[in-house]
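Working notes, beginning with the structure itself.
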Amino acid sequence: MSGARAGAKRGWSPVYRVVRRVPEGRVATYGQVAAIAGMPGAARQVGWALNALDEADDVPWHRVINARGEVSGRGEREIEGLQRARLEAEGVVFDARGRVDLGRFGWRPRTRATRPAMAGRGEG
DNA sequence: GCAATGACGCTCT
DNA sequence: CAGAGCGCCATTG
């Protein structure tokens, strides 16, 4: 890896830029990031881009989940646990099924003042 | 260039 | 919302 992957990341900079736009305590979906990044329909590639990421990268990839509000983590428990742990640390609440309510924590671009805690106090 | 793969999304049931 | 099927675009062999 090393150089080859690094080159790919360069082409996906718009994707990383969008992910960085995701505020704390909020989560965005792959399709959303893809669309905003200028590649509507390339949701899969967003995951591919995040896959090429590293801990050294300044990209909150953990804030990117699928449209179900479920973390994917490539099937690796470490990734899933890390992603969930990081989100919970930011205030994101997970469902008993390990899912996030996109209606509450879903990223709302173009809209502000949307306070997750205010959108509907978690009853859990 | 073709075939296979993938951290997904949408539609129908 | 959940399950199954098809489509999506880019990377890799």
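Just so it is clear: chains get the letters A, B, ... in the order the sequence lines come, proteins before strands, and each one is counted from 1.
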Distance check, rounded to the nearest 0.5 Å: His62(A) atom NE2 versus Leu50(A) atom CG?
11.0 Å
Interatomic distance, Arg26(A) atom CZ to Leu87(A) atom CG [nearest 0.5 angstrom]:
12.5 Å
Taking [atom1] from [X] and [atom2] from [N], how many angstroms apart are they, rounded to a whole number?
{"X": "Glu70(A)", "N": "dG9(B)", "atom1": "CD", "atom2": "P", "answer": "11 Å"}
{"X": "Asn66(A)", "N": "dG3(C)", "atom1": "CG", "atom2": "P", "answer": "13 Å"}
{"X": "Asp101(A)", "N": "dC1(C)", "atom1": "CG", "atom2": "P", "answer": "8 Å"}
{"X": "Trp48(A)", "N": "dA7(B)", "atom1": "CH2", "atom2": "P", "answer": "12 Å"}
{"X": "Leu82(A)", "N": "dA7(B)", "atom1": "CG", "atom2": "C1'", "answer": "13 Å"}

Is there side-chain contact between Val19(A) and Pro60(A), with heavy atoms separated by less than 4.5 Å?
yes
May I ask you to say what Asn51(A) touches in the nucleic acid, namely base, sugar-phosphate or nothing, with a heavy-atom cut-off under 4.0 Å?
base
For Ile79(A), which contact category applies under a 4.0 Å heavy-atom criterion: base, sugar-phosphate, or nothing?
base
Could Arg63(A) and Glu90(A) be called an ion pair, given the rule that one side-chain N must be under 4.0 Å from one carboxylate O?
yes
One thing to verify: whether Arg84(A) and Glu80(A) come together as a salt bridge, which I'm taking to mean a side-chain N less than 4.0 angstrom from a carboxylate O.
no
Numerically ordered, the residues 35-42 of chain A set in heavy-atom contact under 4.0 Å with DNA chain C is Met39(A), Gly41(A), Ala42(A)
Could you check whether atom CZ of Arg17(A) has more than 12 heavy atoms from other residues, nucleotides or ligands sitting under 6.0 Å from it?
no
